[in-house]
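Below is one structure, written out as C-alpha cells; comments come after it.
All figures in this text were calculated on a predicted structure; none of them were measured in a lab.
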Amino acid sequence: MRKLTLGLLATSMLTFGAAAAEGPAPLDVVLRPHAGGGVADRMDVELRIAHPGVAAGQPLLRMPTTIVSTPTAGYDASAIVARDDKGPLPLTMADEAPTPTGAYRHYDVGRATVGDVVVRYGTPPRAVGVATRNGPLFDLRQQADGLMGAGVYFMALPAGEQPYRISLKWDLSDMPKGARGIWSLGEGDQSTVGPAELLAFSFYATGSVKSVPADGKGGNFGLYWLVQPPFDVNGLATGIQRLYGYMSHFFKDDGAPYRVFIRANPYPAGGGTALAKSFMFGYGVDGTTASSDTQMLLAHEMTHNWPKLDGGEHAATAWYTEGMAEYYSAVLALRAGVIDQAKFQRVVNDHASGYYTNPYVALTNTQAGAKFWSDARAQRVPYGRGFMYLARVDAEIRATSGGKRSLDDLALEVLDRQRQGETVGLEQWVTMVVRELGEPARQEYEDMVAGKLIEPAATGFGPCYRAVKTNERPFDLGYDEMRLGVVADLRADSPAAQAGLKEGDLIVKSTPKQALIDDATRQMDITVKRDGQEQSYTYLPRGQAVPSWHWERVPGVEDSACRL
C-alpha cells in the first residue's frame, strides 16, 4: 500500500448544522493518551462542539468502521458520552451502505442539542501481529512506550464539510515524563481552520518520540519515530528536507509545513500513507519499506501535497495524482540535484517496468479501481499508467511548442486555478491538453482511460535518453502481496504454487519482496510452517515475458545538456 491523500476518502457527507454567520464555529479537541505500566495503552478524546444546533434524530458524529480494508475503533453508541447545556445527550447509531473505500457509521442525537456539546470516548490501540494484512497506515498502534496512527482510526467527528476553528491540545498528564504529543500540523497545542475531516485524515504520535531535528524545533519540517529505524534517519532527513524546499518552491507553496512519521511493522512488509501535510511509512521486521529506495518513496509522497484533480471517483482520477507523483518526484529530484542522471534513469525505468509488466495493464481505470483495495497489482495500475501517459504528454507538448512549454505549464495551471476557487477536474484537464496538442490529445486520453497500452514518445526525456523496445518477465509472487506473514489467496497457476506452497502456510522467513522486484533473476527462498513442520522452497517469482520499453542513454550527450 502506497498512499492515500486527504479528501480522497470523502464520501457524500450528511448535512450538519449550518456554520455561524460570523465565521467558522470553534471545535476544541483534547487528546489524553494513557500509559498503564509506563506504556501507552489507550487514547482518550474530548470534543467541544460550539452550538451545533442538531435536530432530534439527526447525526452529530460520524466515523468509518472500516476504511480501505483497515478496521477502526468503530465505537458503539454506548461507548460515546455526550452532554450539552441541558444535560446528558442520548445517542443512537446507524451504519451506512458500504462504499468502495469503506463503511461508515453515524451517531444521531435523541433530542435537539442545546448550546455547546461535549463528547468523550476512547480506545486502546489496534492489536496486530505477523498475520495482519498490510494496508494504509490508518490504525492506531502501540510503538515502544507510545502510540502512533491516524485520527480516522480513533476519532468520531462532527458530520459535514463546513470549516471549524480547530483547537487541538494534548493532555499528557497520564504519560511518562518527557512524553511528546505531535500532530501532522505541529508539535504540542495547535490551532487551524479546516473541516473536521482534517482531524481524521492526519497523523498523531505520542510517547518518547524521537525526531530530526532532535528538539522538535525544526520549523515546518520534521521526522518522527518511536522505535529506532534500521537506517540512517539523519541522512534521510537532510536530502528530503532539501527536496521538499525545492518542491514547495516549484509548486508556489514556499514555507508549507511537512512532517514524516516512521512506524515499525510486526510483519515482513512496509507501506506508506500520505495525509494532511504529512506522510507515514512503515518498515517490516526485516527492515524493508514499500520501496527499495526510501528517498524516492518520500519524494513521491511529498509530491502528493500539490497535484490533484477535483471531483470524480478515486478510480477515475488516481492516474493523475499517482502519475504526477511518480513523474515529478523523479524530475524535481533531478532538477534539485538530489539525484544524478544515472539514478534518474533507474527510477524512470522502474516506473516503466512496473507499468508494462503489470498483469492488469489492460484494465480500464474503472476496472482497476474495483480491485484497487483488494489486489496490490491493481493498486499499481494508476502509478505506471499515469506516469507513462504524463511523460508522453510532456514530450508532445515540448515538441509541439518547440521547447517553450511542457507538462509543468499544465500542472501549475491546474494548481493556480484551484487556488482561485475554480473546480478543475477531468473535463478541464482534457480541454487543456486539447488546447496544447489539438484534437488527437482527446483520443489519447480516452485510450489511456480504456487501458490501451501506452508507448513512449520518440522524444521523451530527450536529448539524453531514447526509448527502446524490449521484453520483460513480470514479477509474480503468487499470493497476496499485502499479507506477507501467511500464504493467502494462492493462485494455482503461479510459480509459488507449482513450487509446492500451500494456502495457509505460515511464512517463517522469505526473501524480501522488494529485492525480488528489483532483480529479475533473484530466486525466492521461503521457509513456511505447515502442520507444525518447517519446509523450505525456492522458485523464480516471474511470469512469461511481455513486451516492454525502457530508456537508455544517447551516446555522446553530456549530462549538462539534459534539461528536463
Side-chain angles (χ1 to χ4, degrees), residues 291-293 296 299-300 303 319 322-358 361-362 380-411 433 436-438 440-441 443-445 447-448 451-475 517-521 545-564:
S291 168
S292 58
D293 191 329
M296 294 310 300
H300 172 104
T303 311
W319 67 266
E322 300 301 349
M324 281 286 188
E326 294 284 72
Y327 180 85
Y328 277 111
S329 60
V331 168
L332 295 183
L334 179 65
R335 292 180 191 172
V338 175
I339 63 174
D340 59 15
Q341 289 288 345
K343 183 165 183 177
F344 175 79
Q345 183 181 3
R346 290 197 301 271
V347 170
V348 297
N349 281 335
D350 284 347
H351 294 337
S353 178
Y355 169 70
Y356 289 110
T357 64
N358 193 320
V361 68
R380 292 194 294 268
V381 168
Y383 293 77
R385 178 173 296 171
F387 171 80
M388 292 300 298
Y389 168 74
L390 292 169
R392 184 179 175 88
V393 168
D394 176 72
E396 291 173 339
I397 293 175
R398 290 175 187 266
T400 300
S401 67
K404 295 179 181 179
R405 291 178 64 78
S406 69
L407 183 65
D408 293 0
D409 295 286
L410 272 63
V433 292
E436 298 285 337
L437 301 171
Q443 187 60 53
E444 190 170 3
Y445 166 79
D447 288 345
M448 179 272 291
K452 184 176 179 179
L453 199 69
I454 302 167
E455 294 188 1
T459 56
F461 299 127
C464 274
Y465 301 97
R466 62 189 176 197
V468 178
K469 195 169 186 179
T470 184
N471 291 298
E472 288 187 78
R473 296 184 66 180
F475 174 72
I517 293 173
D518 292 343
D519 183 352
T521 65
V546 297
S548 178
W549 293 79
H550 69 261
W551 279 273
E552 64 180 26
R553 284 298 296 262
V554 175
V557 180
E558 299 296 328
D559 285 0
S560 59
C562 300
R563 306 290 185 185
L564 293 177

Quick one: do M296 and S329 satisfy side-chain contact (heavy atoms from CB on, under 4.5 Å)? Show the steps, please.
CA-CA 7 Å; M296 294 310 300; S329 60; 4.3 Å; yes

Test of understanding: with salt bridge (Lys or Arg N to Asp or Glu O under 4.0 Å), list the residues that count as partners of [X], not counting sequence neighbours.
{"X": "D447", "result": "K452"}
{"X": "D340", "result": "none"}
{"X": "E455", "result": "none"}
{"X": "E396", "result": "R392"}

Interatomic distance, [X] atom [atom1] to [Y] atom [atom2] [nearest 0.5 angstrom]:
{"X": "Q341", "Y": "I339", "atom1": "CD", "atom2": "CD1", "answer": "8.5 Å"}
{"X": "M388", "Y": "W549", "atom1": "CE", "atom2": "CH2", "answer": "9.0 Å"}
{"X": "E326", "Y": "T303", "atom1": "CD", "atom2": "OG1", "answer": "9.0 Å"}
{"X": "M448", "Y": "I454", "atom1": "CE", "atom2": "CD1", "answer": "6.5 Å"}
{"X": "I517", "Y": "D350", "atom1": "CD1", "atom2": "CG", "answer": "9.5 Å"}
{"X": "Y465", "Y": "C562", "atom1": "OH", "atom2": "SG", "answer": "5.5 Å"}

Which residues pass the ring-ring contact (aromatic ring centres under 6.0 Å, His included) test with [X], sequence neighbours left out?
{"X": "F387", "answer": "H351"}
{"X": "F475", "answer": "none"}
{"X": "Y389", "answer": "W319"}

Search all heavy atoms of [X] against all heavy atoms of [Y] and return the closest pair with its distance.
{"X": "G462", "Y": "L564", "value": "O-CD2, 4.3 Å"}
{"X": "E436", "Y": "T400", "value": "O-CG2, 3.8 Å"}
{"X": "R466", "Y": "P555", "value": "NH2-CD, 3.9 Å"}
{"X": "A399", "Y": "T459", "value": "CB-OG1, 4.4 Å"}
{"X": "A395", "Y": "A457", "value": "CB-CB, 3.6 Å"}
{"X": "V347", "Y": "A330", "value": "CG1-CB, 3.9 Å"}

Only one of D408, L410, D409 passes side-chain contact (heavy atoms from CB on, under 4.5 Å) with I397, and that residue is L410

Side-chain donor-acceptor contact under 3.5 Å, H300 with E322:
yes

Output all residues satisfying side-chain contact (heavy atoms from CB on, under 4.5 Å) with P474, sequence neighbours left out; order by chain, then residue number.
T357, V546

Check: V361 main-chain N/O paired with R385 side-chain donor or acceptor under 3.5 Å
yes

Under a 3.5 Å distance rule, please check whether N349 uses its side chain to pair with a backbone N or O of W551 as donor and acceptor.
yes

Can you sort out the partners of [X] under side-chain hydrogen bond (donor to acceptor under 3.5 Å, both in side chains), two or more places apart, ordered by chain and number?
{"X": "R346", "value": "none"}
{"X": "D559", "value": "R553"}
{"X": "S548", "value": "E472"}
{"X": "D519", "value": "T521"}

Hey, are the side chains of [X] and [Y] touching, using non-hydrogen atoms and a 4.5 Å cut-off?
{"X": "V348", "Y": "Y327", "answer": "no"}
{"X": "F461", "Y": "D394", "answer": "no"}
{"X": "Y328", "Y": "L390", "answer": "no"}

